[in-house]
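Notes follow the structure.
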Amino acid sequence: MKKLIISVLLCVVTVIAVLCGCGRFNGSTDEGSGGYATAPWIADGENYAYDSVVEQGFSDVGETPSSYFSLDRNTAGYSLVRAQIKQGLAVSPDSVRLEEMVNYFDYDYPAPADGEAVGVSAYLSDCPWNGEHKLMTVGIRTEEAVASGDANYVLLVDVSGSMGSYVYGYEGMSRLELVKYGANKLVDGLGDGDRVSVVTYASGVETVLESTAATESGKTEIRGALSRLTAYGSTSGSDGLQRAYEQAEAHRAEGGNNRVIILTDGDFNVGISDLDQLTEFIQDKAKSGIALSVVGVGLGNTRDDLMQTLALNGNGNYSYIDTQLEAEKVFTEELAGTLYTVASDAKAGVTFNADAVSSYRLLGYDMKTISEDDFDNPEKDTGEIGSNLCVTVMYELELVDSGAGGPLADVAVRYRDAGNVNREVTLAVDGDEACTDDTRFAACVAEFALVLRQSQYRGSASLGSVLARLDDLGDYIAGDMYRQEFREIVSLAKESGLYDTVAEPGGASAG
């Protein structure tokens, strides 16, 4: 047992060296990388490493009537796509995670019923990129919950030399300064009973601030510690994550939110020796009640793949901040939803009626599918969803020609509530559910994602079609600055001329 513990700790030391690296990731895919092979996306001499995304095809309902997947509400994918487009880069197809783009936005789905943490609704419309198909949208909303305990946050801040690089579009602001801006927004929203520790890693690891209560005087001390952070040197902070977890454990808030928050530009230069052992280490910490969230910043040598793995296995979430507005969104507007979980081990199962639906395709969630056994296993570690957040799920459907009656599908969402009780919410989709401006907008985002990732299933999808439908939404778009920005991003992508080729229609039906 002692040898096993030493082995795991050595693994963590090696991986944290990866987490802290300042050099350029070389995209190695040989056995020395522990089998975690990812070919980096190359643009303007920079390396960007994303997990390879393999889109799910159409499934024949007669052969595979059910679809199962983990639920979460990560939004980093949208911000990464936005940053690439704003900087005039060709978007990496593997950086386009459709569900993270759709779930970046808030929707007016019905609140959960009394006594439930999760509510489910459904909507049906024509599929914009395939006139012969339908689009089924499932809207999930969590309850707006009041935290039952205090927060115990450990900010693990990357202060390596690369964090001194400037943020695109913000003259004179470095990545570290943007991190400070976001962290201060987090501090603004804390109560007297909440606590914050600050740990940094660069050429070494330092506990800059021991756990401090977020009282009025304590907030001044926390802000002072953040203001003194500077970017310097190379990166060999082998025990950064270990130190952060030690801080979280030492000041554990019983019944509260115990969480390590990594803020990093994800600049790595050492191959991973064993990702499986890192995953096991983080999962063990998550089981002990200490969650791990990741906030990425900056673009260049980005190890999006590793940051996503850290968050998914740490029962946390993964956000990416590239602007001050995004920092405010993550750390102010969505603070409770981002950092306070109300539905743990959340997962969905959708079973289609073969008399009404011939085939179906789940849009996105390509890296989050699970088996029926995992869906039925209440101990299976899946996703987490925070307070008062929306999660959107979309299916492209090929209906039976005869239009036979009966429900289209049965939806089930399973989760564990704040009281650690296993719950299930179900919904029958009868096919009469009307679409809304929310679902029309979500379809625009989905079509945009299909075009950017050059999907073989995009049919007639085009940026021109997306823009035309956004314009039809008029006041709905004008009333929300994030939706306005989305239209601007689509327009920039169209003006770039990089996405004009229309793919041959593919995978229109099962087979």
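Start at 1 with the first residue, then count along the sequence. Because the structure is a prediction, the values reported are computed rather than measured.
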Quick one, [X] and [Y] - any side-chain contact, counting heavy atoms below 4.5 Å?
X      : Y      : answer
Tyr170 : Asp322 : no
Val81  : Val96  : yes
Arg414 : Asn422 : no
Arg259 : Val154 : no
Arg440 : Tyr476 : no
Tyr153 : Asn257 : yes
Arg223 : Asp188 : yes
Leu292 : Leu241 : yes

Sequence neighbours excluded, the answer for ring pair (Phe, Tyr, Trp, His ring centres under 6.0 Å) partners of Tyr104 is Tyr78
Taken in chain and number order and not counting sequence neighbours, the residues that satisfy salt bridge (charged side-chain N to carboxylate O under 4.0 Å, His left out) with Asp381 are none
Considering non-hydrogen atoms only, spot the tightest contact between [X] and [Y] and give its length.
X      : Y      : value
Arg195 : Ala213 : NH1-CB, 3.8 Å
Asp471 : Arg487 : OD1-NE, 2.7 Å
Ala90  : Leu498 : CA-CD1, 3.9 Å
Lys185 : Thr332 : CB-OG1, 3.5 Å
Val120 : Val425 : CG2-CG1, 3.8 Å
Val118 : Ala343 : CG2-CB, 3.9 Å

Working to the nearest 0.5 angstrom, can you tell me the gap between [X] [atom1] and [Y] [atom2]?
X      : Y      : atom1 : atom2 : answer
Ile489 : Met101 : CD1   : CE    : 9.5 Å
Leu71  : Ile370 : CG    : CD1   : 8.5 Å
Ile222 : Ser227 : CD1   : OG    : 12.0 Å
Thr392 : Arg141 : OG1   : CZ    : 9.5 Å
Phe105 : Arg483 : CZ    : CZ    : 7.5 Å
Lys380 : Lys347 : NZ    : NZ    : 8.5 Å

Margin query: Taking the cut-offs as 6.0 angstrom to the six-membered ring centre and 45 degrees off its axis, would you call Lys86 and Tyr168 a cation-pi pair?
Written below: no
Does a side chain donor of either [X] or [Y] reach within less than 3.5 Å of an acceptor in the other side chain?
X      : Y      : answer
Tyr320 : Glu100 : no
Tyr415 : Glu116 : yes
Thr215 : Asp192 : no
Ser160 : Asp158 : yes

Say whether, by atom type as modelled, one donor and one acceptor occur between the side chain of [X] and the main chain of [Y] under 3.5 angstrom.
X      : Y      : answer
Thr369 : Tyr365 : no
Arg453 : Pro93  : yes
Asn152 : Ala248 : yes
Thr207 : Glu210 : no
Lys368 : Phe69  : no
Gln484 : Ala478 : yes
Gln84  : Ser92  : yes
Asp194 : Ala214 : no
Ser496 : Ala493 : yes
Thr142 : Leu389 : yes

So Val157 and Leu176, side-chain contact (heavy atoms from CB on, under 4.5 Å) or not? Walk me through it.
CA-CA 9 Å; Val157 185; Leu176 182 56; 3.9 Å; yes
* To do: Give the C-alpha distance, both sets of side-chain angles, the deciding distance and a yes or no for side-chain contact (heavy atoms from CB on, under 4.5 Å) between Thr436 and Tyr109.
  => CA-CA 10 Å; Thr436 66; Tyr109 298 140; 5.9 Å; no
Surrounding CD of Glu485 (heavy atoms of other residues, nucleotides or ligands, distance under 6.0 Å), is the total greater than 12? yes
Derivation of the side-chain contact (heavy atoms from CB on, under 4.5 Å) call for Arg416 and Thr382 = CA-CA 10 Å; Arg416 192 173 65 256; Thr382 49; over 6 Å; no
Inset, instruction - Check the angle between the aromatic planes of Phe486 and Phe441 and answer parallel, tilted or perpendicular using the 30° and 60° thresholds. - result: perpendicular
Please determine whether a side-chain nitrogen of the Lys or Arg among Arg252 and Glu249 lies less than 4.0 Å from a carboxylate oxygen of the Asp or Glu.
yes
| request: For Arg175 and Ser162, run side-chain hydrogen bond (donor to acceptor under 3.5 Å, both in side chains): C-alpha distance rounded to whole Å, both residues' side-chain angles, the deciding distance at 0.1 Å, then the answer. | output: CA-CA 8 Å; Arg175 296 174 180 179; Ser162 61; 4.8 Å; no
Go through it in stages, so that I can follow the logic: the residues are Asn74 and Asn103, the test is side-chain contact (heavy atoms from CB on, under 4.5 Å), and I'd like the CA-CA distance, side-chain angles, deciding distance and then a yes or no. CA-CA 7 Å; Asn74 291 340; Asn103 287 333; over 6 Å; no
